[in-house]
Amino acid sequence: MAIFVNEPSHTFNEYLLIPGYSSSECIPANVSLKTPLVKFKKGEQSPITMNIPMVSAIMQSVSGEKLAVALATEGGVAFIYGSQSIADEAAMVRRAKNHKAGFVVSDSNVTPDATLADVVALKEKTGHSTIAVTHDGTPNGKLQGIVTSRDYRVSRMAPDTKVVDFMTPFEKLICAEEGTTLKVANDIIWDHKLNSLPIIDKEGNLCYLVFRKDYDTHKQNPNELLDSEKRYVVGAGINTRDYAQRVPALVEAGVDVLCIDSSEGFSEWQKITIAWIREHYGDSVKVGAGNVVDGKGFRFLAECGADFIKVGIGGGSICITRETKGIGRGQATALIEVCAERDRYFEETGIYIPVCSDGGIVYDHHITLALAMGADFVMLGRYFARFDESPSNRVSIGGTYYKEYWGEGSARARNWQRYDLGGDKKLSFEEGVDSYVPYAGSLKDNVAMSLAKVKSTMCNCGALTIPELQEKAVLTLVSATSIIEGGAHDVIQKDKGTNVK
């Protein structure tokens, strides 16, 4: 007979934190949100420690190279989506890694025969005003010149004007040879009052561009997450089908951490995948696994050798797994049980395996609840899909801007590998929807606001670090009536756009 768990599973919205004693030291400025990303032994430090407890979901509509750069700038890690060709995913990882090193592969390139209209269209597409002119229009072609917004005026020039007629030609450019260090490149930029510096090889082919603004950005973002070579830390998703080809390509591209992207992690497929990675790379390649919703699932993946473990099935805003298949568990209950098992495993083995809460985050305070319940960090999809840096299109509907957002289990994503159970190479049915989310602007501004709330709540609980929050937190279940009471009620709210005199 089936085993019945009669205790209802709960969501984050059914819990509140009870405030604890706050000393005068408990102010947001003193809070540290540093948290381990991958496993480590007792008494040691995690090989990768994030500065904020946020990673992005492995989704086409969320985690591209722009979001990887933006999130690493704030101290978190993006997992570039794996539901694309191996070459394309590796290229995304490579571009994100090169970005922070200061040596940027040019993504805005034209030929000398291109027109002003082509330049304007390219600027609108990429948002970049510095355009390299190469003999064949490729990022690594022979450099012919540079076009910036100072080289043309749309109102005074014909759209069919050739680039060769208004670009700054090669002979007037200040360039540096391949092999120049970033420090020397920045010195050249400052000495010559440049906005950008082309790096070329001995044949005159363009290798990279170094920008003045990247130096300024580094100084303005003390939380940015960098590797030992001062490059952004970047993650990437893999599946349990083509890992033997995909993993080597991603490692060669410089990826820092991998994660198996699967709807259900308690399976032999993940065991086989992790075993292959350990056989070929030992512990040098870090790989997370999941998703699971109970202690048995955690223990299985821990013994398989996972570097972190994701929790959550069916709690994502675009996920319909619970509706279509009837499997899953309330995110809060799943997280609490898995984290308890994580702690038992740590006591038994001396190995701490970080837990990632994936799904179920609707409001900012749910992040704090997840951390208090034991999560080391949270994975967010809908949250990041709203921002400028996500790969999806921004659209206007009824005068309001939205961003497109679709699940990896939707027909649009065609990510059959994520839901593969050894059958045909196709999706038999959808486990995700195609949707829109309200456009919210830049990642930087929104992440700062969300984390300000997290820090404030931690101070209310008397905690200055995430481990201290987990030790001191007191959580209470709330009734349906309490949930209603928690919002504005029994008043007529003023329209924020109305001026009352």
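Numbers here are sequence positions counted from 1.
Looking at D107 and R95, no side-chain N of the basic residue comes within less than 4.0 Å of a carboxylate O on the acidic one, giving no salt bridge. A salt bridge links E74 with K444: the closest approach of a Lys/Arg side-chain nitrogen to an acidic carboxylate oxygen falls below 4.0 angstrom. Salt-bridge annotation for R231 and D256: absent, with no side-chain N of the basic residue lying under 4.0 Å from a carboxylate O of the acidic one. Comment: D307 engages R278 in a salt bridge, judged by a side-chain N to carboxylate O separation of less than 4.0 angstrom. Ionic pairing of E252 and R94 is present here: one or more N-O contacts between side-chain nitrogen and carboxylate oxygen are shorter than 4.0 angstrom.
D364 and S450 share a side-chain donor-acceptor pair at under 3.5 Å. Side-chain contact, N51 with K34: a donor N or O sits under 3.5 Å from an acceptor N or O. Between the side chains of D136 and T138, at least one donor N or O sits under 3.5 Å from an acceptor N or O. Y232 and T73 share a donor-acceptor pair across their side chains, judged by distance under 3.5 Å alone. S56 and S63 are linked by a side-chain donor-acceptor pair at a separation below 3.5 angstrom, with hydrogens and angles left out of the test. For the residue pair T130 / S196, no side-chain donor-acceptor distance below 3.5 Å is found, with atom types taken as modelled.
Of the possible polar contacts, none joining the K193 side chain to the W190 backbone as a donor-acceptor pair under 3.5 Å is found. Under a 3.5 Å cut-off, the side chain of S262 and the backbone N or O of G265 do not form any donor-acceptor pair. Of the possible donor and acceptor atoms, one in the side chain of D376 sits under 3.5 Å from a partner among the backbone N and O of V355. Using modelled atom types, one side-chain atom of Y405 and one backbone atom of R382 make a donor-acceptor pair closer than 3.5 Å. The backbone N or O of V437 sits nowhere less than 3.5 Å from a side-chain atom of K403 that would complete a donor-acceptor pair. Remark: side-chain polar atoms of N393 are not paired, donor with acceptor, to backbone N or O of V395 under 3.5 angstrom. Here the side chain of Q245 pairs no donor or acceptor atom with the backbone of I86 at under 3.5 angstrom. Of the possible polar contacts, one joining the Q270 side chain to the G290 backbone as a donor-acceptor pair under 3.5 Å is found. Listed for the T168 side chain is no donor-acceptor partner under 3.5 Å among the backbone atoms of G145. R212 places a side-chain N or O within donor-acceptor distance of the main-chain N or O of L194, the cut-off being under 3.5 Å.
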Go through the steps for D227 and I48 under the test side-chain contact (heavy atoms from CB on, under 4.5 Å), then give the verdict.
CA-CA 9 Å; D227 65 15; I48 305 176; over 6 Å; no
Given F377 and L37, is the side-chain contact (heavy atoms from CB on, under 4.5 Å) satisfied, shown in steps?
CA-CA 8 Å; F377 54 96; L37 177 61; 3.6 Å; yes
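The heavy-atom pair separating C175 from I200 by the smallest distance is CB-CD1, 4.1 Å. Smallest separation of non-hydrogen atoms from T180 and F103: O-CZ, 3.2 Å. Of all heavy-atom pairs between V38 and P47, the closest is CG2-CD, 3.7 Å. Closest non-hydrogen pair, I361 versus A370, comes out as CD1-CB, 4.5 Å. Taking each heavy atom of M54 and Y383 in turn, the nearest pair found is CE-CE2, 3.5 Å. Heavy-atom minimum distance, G441 versus N446: C-ND2, 4.2 Å.
At least one side-chain heavy atom of L173 sits less than 4.5 Å from a side-chain heavy atom of L143. Put simply, the side chain of M59 does not reach to within 4.5 Å of the side chain of F79, judged on heavy atoms. Between F308 and C259, some side-chain heavy-atom pair lies under the 4.5 Å cut-off. I80 has its side chain within reach of V234: a pair of non-hydrogen atoms, C-beta onward, lies under 4.5 Å apart. V163 has its side chain out of reach of T111: every pair of non-hydrogen atoms, C-beta onward, lies at least 4.5 Å apart. Residues F298 and I353 have side chains in contact (heavy-atom distance under 4.5 Å, counting atoms from C-beta outward). Contact annotation: the side chain of N140 never approaches that of N205 to less than 4.5 Å [non-hydrogen atoms, C-beta and beyond]. A 4.5 Å side-chain heavy-atom check between F384 and V447 finds at least one atom pair inside the cut-off.
Summarising the geometry, atom CZ belonging to R246 is positioned 5.0 Å from atom CD belonging to E89; distances are rounded to the nearest 0.5 Å. Here CG of L182 is found 8.0 Å from CD1 of I189. Values are rounded to the nearest 0.5 Å. Note that CG of L258 and CD1 of I238 are 5.0 Å apart. Values are rounded to the nearest 0.5 Å. Interatomic distance, OG of S357 versus CE of M373, reported as 9.0 Å (0.5 Å rounding). Annotation: the span from D88 atom CG to Y81 atom OH amounts to 7.5 Å, rounded to 0.5 Å. R329 CZ to N291 CG: the interatomic distance, rounded to the nearest 0.5 Å, is 14.0 Å.
Using a 30° and 60° split on the angle between ring planes, Y439 and Y401 fall in the perpendicular class, above 60°. Aromatic ring orientation, Y363 versus H365: parallel (interplanar angle below 30°, classes split at 30° and 60°). Relative ring orientation between F12 and H366 is described as tilted, the plane-to-plane angle lying within the 30° to 60° band.
With sequence neighbours excluded, the residues forming a side chain to side chain contact (heavy atoms under 4.5 Å, CB included) with R299 are E303, E341, R344, Y345, E348, listed by chain and number.
By the neighbour-count criterion of 12 heavy atoms within 6.0 Å, atom NZ of K271 is sparsely surrounded, having that number or fewer from other residues, nucleotides or ligands.
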